[in-house]
Amino acid sequence: MGPTICAMADRAHRAPDPPTTKPVARPHRRAHEHQVLKLQRQVGNRAVAAFINALAVQRAKEGDGPTNDIGIIQQQLNAVGASPRLAITGRFDAATTTATKAFQKKLITEKVAGVTEDGIVDGVTHAQLKARAPSVNISGSDTVVVGPGNTQVPLNPALGTHAQLQIGAKGVGVRELQERLNNSGAAGKKLRVDGDFGPRTDAGLKTFQTGAKVTANGIADPGTWAKLEAAGAATQGHVEFDWREEVEGVKNVGLRAGYDWKLSKTALSVTVGITFQKKHKNVEGRISEWLSDIKQIWSTFKAVNHNDPKKKSVNLNFEAKRGGKDHTVDVFQFNPALKKVDRPKSRSDSGTWYTIDPRRSMAPHEFGHLIGLADEYNRVEEHYLNVTGEEPAVGDTAGLLADATKTAGDIKAKMPLDDTLAAPIAASNDARWGANLAGIITTALGRKQGGFSRLVAQEYAKANAGASVYTDIQKAFNDKSVPGFQDNLSASVRPFLYSNRSLMGTMQTTPAKGAGGKDAPEHEHPIEPRHVQPFVNLLAKEWTLQTGKADVWKPERR
C-alpha cells in the first residue's frame, strides 16, 4: 500500500507536461483525477470507519445480559477501581450500575465532556473504560491487565533466596559468595573464585561482616546475604527458597525451589539439576523428551534494555540437566495405585512424573514449579489476581437466574456432607465422601468456570448471610478429614475458582509438537512474560551493580 500511495501522489502533483503539437487528451487527466478521488474515498472511508469503531459502543444498562461484552465491562470497572470488586457474571446487575455511576462521577470530577451519572455504559463512558482499561487477548482469553503479576513468591521473604553457607561448603553458591566479596571491595585481598569455602573465604567474609555491621561469624546467613547483594555484583549464583500455594481447595501445596544462574554479555542461563529415579522400566526415552521440551518451550524470551537507544537484549535460556542436588523426581510409566483402566489419568506433580501422560507441556509446567513459580489454575480470586495480574476471564455466562438460585440451595442442602457410605466406612480419609455434593455441582455446572458459576456463588451468598460457597465446601470436606486433591473435592470447588490458559495454568495452548511458544497460534503462547519476569529482575539487579545504571529491562519474545 505504501509504495502505491507514493506513486499516485507523485503522479497527482508533478508539473504539467510541456506544450506539444498535440494537446493532451482530457480523458487522461480525468483518469488521474479518478484515481486520486478513489484513493481519497478509500482513505477517508477507513478513517471514518476507524473513528466510528472507536465510538461505536454498545449501550449496556441494568438488567442486560448475560453477555461476554458485559463481562468485559465488569473487568474494566474492576480495573478502574470498583469497590467492592464486581463478580464477573456477564450480567449488568445493581452492583455494576453502582460501579458505573462511581466511575462516571469520577469522570465528571475530571471534567470529561459528555458524561452523565446515569449508570448506563455507552458513548463516552464506554470509550473512557476502553481507554483506561483496554481489553486484550492473552493466551486465547480476553482480559484486562491490572498489574505485572507475581508468579514467584517465597514463603518467607525475610529468609532470602540463598542457602546458608559456612566453611566447608562447595558449589555455585560459594562462587557467588566469593564474587560478591571480591566486587564489594570490603573483604580484603581478592579471593580465588573456586566454589570452595575454605579459610580464606571465611576470613574475607568475616572482614566484610565487620564492615557491614552484622555478626562477624563467617556464616553467610540471610542478613549477610542481603548486605552482600547490595554491595557487590556477581555473574553466577544459586537460588533456593520455599514457596506454597492454595489450589483446588487444598492449602499448603508447594516445595523448595532451586536453580543455578549464570550471566554473560549475551545470555542469562537458568539451570536446574534433576536426579531422575526410575521406578519403572522403559522410561528413558520419555525423560530425554522432557528435557528437550523444557528447553524449547521456556527459552523463547529475551530481556530488553528499554533505556538503551539500540535496545540491547540478553537471551533468557532455561535448561534442566540430569543429576545434581536441586531436585529429585520419581519416574513411573503410570500411577501404580490406579486400576489398569484408570492409568491414563495418572496425575504428575513436581516430584512424580508419569510417562503415560502424553502432554508435551507436562514437564515444562512442572519445571516452572521447580524454579519457584505458582500455578495459575483453580485459584481463589485474590490469589489469581496477585499471581497473574489479570482480571478473571468472563468464561461461561449462560444460564437462568432461577436455575442459579436453585443450584445454590441444592448445594447448601448437601452440607455438611450427607453421603451414606456402605461398610466398611472409614472414620476419615474415605475417597467416597462428597459424592452427593459433587453430583449436584457437576450436573448443574459441569467443570465450567465463569459467569454462571459466579452467579450461583452470588445467590449462595444472598441466601446464607454472605457466606462463601467455596469456603463452605472446603470446610465440609475438612470436617470429614478428606485429604488433598480428592476427586469429589476437586469437582465441587472447581467451578467457583479461577484458571488461566498459560503454561503455568491449564496448558491448553501448548503446541502439540512441543516446539515452544513460537509455533503457538497468534496470541496463544504457552508461557507469558510474567513467568520470566523474576529472572529479568535478577538480570536488572546485577546490571545496576555492574554499571551503576538503574535501567529498565523488560521481557519480550525473541
Side-chain angles (χ1 to χ4, degrees), residues 136-141 143 145 148-152 239 257 259-274 287-306 308 310-321 350 353 358-377 387-390 500-540 542-543 552-558:
V136 296
N137 189 285
I138 298 177
S139 294
S141 295
T143 188
V145 177
N150 196 359
T151 58
Q152 192 185 72
V239 171
Y259 54 87
D260 293 336
W261 61 270
K262 189 170 185 178
L263 180 61
S264 70
K265 292 182 179 180
T266 59
L268 173 65
S269 299
V270 176
T271 305
V272 175
I274 303 176
I287 293 175
S288 296
E289 284 185 349
W290 288 334
L291 296 177
S292 176
D293 292 342
I294 289 168
K295 186 173 183 178
Q296 290 178 358
I297 287 181
W298 276 95
S299 299
T300 54
F301 282 88
K302 61 184 177 181
V304 179
N305 186 345
H306 281 248
D308 181 53
K310 295 183 179 180
K311 290 292 190 291
K312 172 184 172 64
S313 66
V314 174
N315 284 340
L316 302 176
N317 296 330
F318 295 85
E319 186 173 9
K321 292 186 176 181
S350 55
W353 296 5
R359 297 172 301 171
R360 300 299 297 271
S361 57
M362 185 282 290
H365 176 87
E366 299 304 338
F367 176 83
H369 290 322
L370 301 184
I371 58 177
L373 305 185
D375 283 302
E376 297 177 352
Y377 68 93
V387 170
T388 68
E390 300 171 10
N500 191 279
R501 293 184 64 198
S502 68
L503 177 73
M504 294 307 298
T506 63
M507 301 177 283
Q508 293 173 5
T509 59
T510 303
K513 294 181 180 179
K518 295 177 182 178
D519 286 353
E522 185 178 7
H523 304 306
E524 296 187 11
H525 301 278
I527 56 174
E528 297 298 335
R530 64 176 173 275
H531 299 126
V532 299
Q533 185 66 55
F535 307 97
V536 175
N537 295 343
L538 186 159
L539 182 157
E542 297 305 323
W543 172 262
V552 175
W553 292 78
K554 295 181 179 181
E556 296 181 8
R557 301 189 191 281
R558 296 184 194 174

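No hydrogens, no waters, no symmetry mates; every other heavy atom, side chains included, goes into these values. Predicted, not measured: the structure shown is a model, and the values here were computed from it.
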Visitor: For the residue pair N317 and A267, what are the closest heavy atoms and their distance?
Guide: ND2-CB, 3.6 Å
Visitor: Please report the closest heavy-atom contact between L268 and V314, naming both atoms and the distance.
Guide: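 Closest pair (atom of L268, atom of V314, distance): N-CG1, 3.5 Å.
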Visitor: Hey, mind stepping through R501 and E376 against salt bridge (Lys or Arg N to Asp or Glu O under 4.0 Å) and telling me if it holds?
Guide: CA-CA 8 Å; R501 293 184 64 198; E376 297 177 352; over 6 Å; no
Visitor: For the residue pair G368 and W298, what are the closest heavy atoms and their distance?
Guide: CA-CZ2, 3.8 Å
Visitor: Drop me the distance from Q296's CD to E319's CD, to the nearest 0.5 angstrom.
Guide: 11.5 Å
Visitor: Show the nearest heavy-atom pair for residues Q152 and I371, with the distance to one decimal.
Guide: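 Smallest heavy-atom distance, with atoms named: NE2-O, 2.8 Å.
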Visitor: Is there a donor-acceptor pair under 3.5 Å between the side chain of N500 and the backbone N or O of S502?
Guide: yes
Visitor: Distance check, rounded to the nearest 0.5 Å: W553 atom CH2 versus S313 atom OG?
Guide: 7.5 Å
Visitor: Just to verify, what does W261 make a ring-ring contact (aromatic ring centres under 6.0 Å, His included) with, not counting sequence neighbours?
Guide: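 Result, ring-ring contact (aromatic ring centres under 6.0 Å, His included) vs W261: none returned.
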Visitor: Verify the neighbour count for atom NZ of K321: are there more than 12 heavy atoms of other residues, nucleotides or ligands below 6.0 Å?
Guide: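 Result for NZ/K321: open.
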Visitor: For L370 and Y259, run side chain to side chain contact (heavy atoms under 4.5 Å, CB included): C-alpha distance rounded to whole Å, both residues' side-chain angles, the deciding distance at 0.1 Å, then the answer.
Guide: CA-CA 8 Å; L370 301 184; Y259 54 87; over 6 Å; no
Visitor: Do side-chain atoms of R558 reach the backbone of L316 as a donor and acceptor pair under 3.5 angstrom?
Guide: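 Checked: pair present.
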Visitor: With heavy-atom distances below 4.5 Å as the criterion, would you say the side chains of V136 and V145 are in contact?
Guide: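 Yes; the side chains approach each other to less than 4.5 Å.
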Visitor: Go through the steps to decide whether I527 and T300 satisfy the test side chain to side chain contact (heavy atoms under 4.5 Å, CB included), and finish with yes or no.
Guide: CA-CA 9 Å; I527 56 174; T300 54; 3.8 Å; yes
Visitor: Can you tell me how far the OG1 atom of T266 sits from the CG atom of N315, to the nearest 0.5 Å?
Guide: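 Answer for the OG1-CG pair, T266 versus N315, is 7.0 Å.
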Visitor: Contact between H306 and V304 at the side-chain level, heavy atoms closer than 4.5 Å - yes or no?
Guide: yes
Visitor: Which of these passes side chain to side chain donor-acceptor pair (under 3.5 Å) with D293: R360, H365, R359?
Guide: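 Answer to the side chain to side chain donor-acceptor pair (under 3.5 Å) test with D293 among R360, H365, R359: R360.
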Visitor: Using the benzene-type ring in the case of Trp, are the ring centres of F301 and F318 under 6.0 Å apart?
Guide: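 Between F318 and F301, which both carry aromatic rings, the centre distance is not below 6.0 Å.
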Visitor: Please give me the minimum heavy-atom distance between V536 and K554, naming the atom from each residue.
Guide: CG1-N, 4.1 Å
Visitor: Using side-chain heavy atoms (C-beta onward) and a distance below 4.5 Å, is L539 in contact with L263?
Guide: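 Answer yes - side chains close enough.
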Visitor: Which pair of non-hydrogen atoms, one from H531 and one from L373, has the smallest distance, and what is that distance?
Guide: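 That closest heavy-atom pairing would be O-CD1, 3.5 Å.
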Visitor: Report the C-alpha distance between E556 and K311 in whole Å, list the side-chain angles of each, state the deciding distance to 0.1 Å, and finish with yes or no for salt bridge (Lys or Arg N to Asp or Glu O under 4.0 Å).
Guide: CA-CA 11 Å; E556 296 181 8; K311 290 292 190 291; over 6 Å; no
Visitor: Keeping H369 on the side-chain end and E366 on the backbone end, is there a donor-acceptor pair under 3.5 Å?
Guide: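 Such a contact is absent between H369 side chain and E366 backbone.
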Visitor: How about Q533 and T151: does a side-chain donor come under 3.5 Å of a side-chain acceptor?
Guide: no
Visitor: Would you call L503 and S361 a side-chain contact if the rule is heavy atoms closer than 4.5 Å?
Guide: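 Side chain of L503 against side chain of S361, heavy atoms only: contact under 4.5 Å found.
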Visitor: Roughly how far, to the nearest 0.5 Å, is the CG atom of L291 from the CD1 atom of I274?
Guide: 6.5 Å
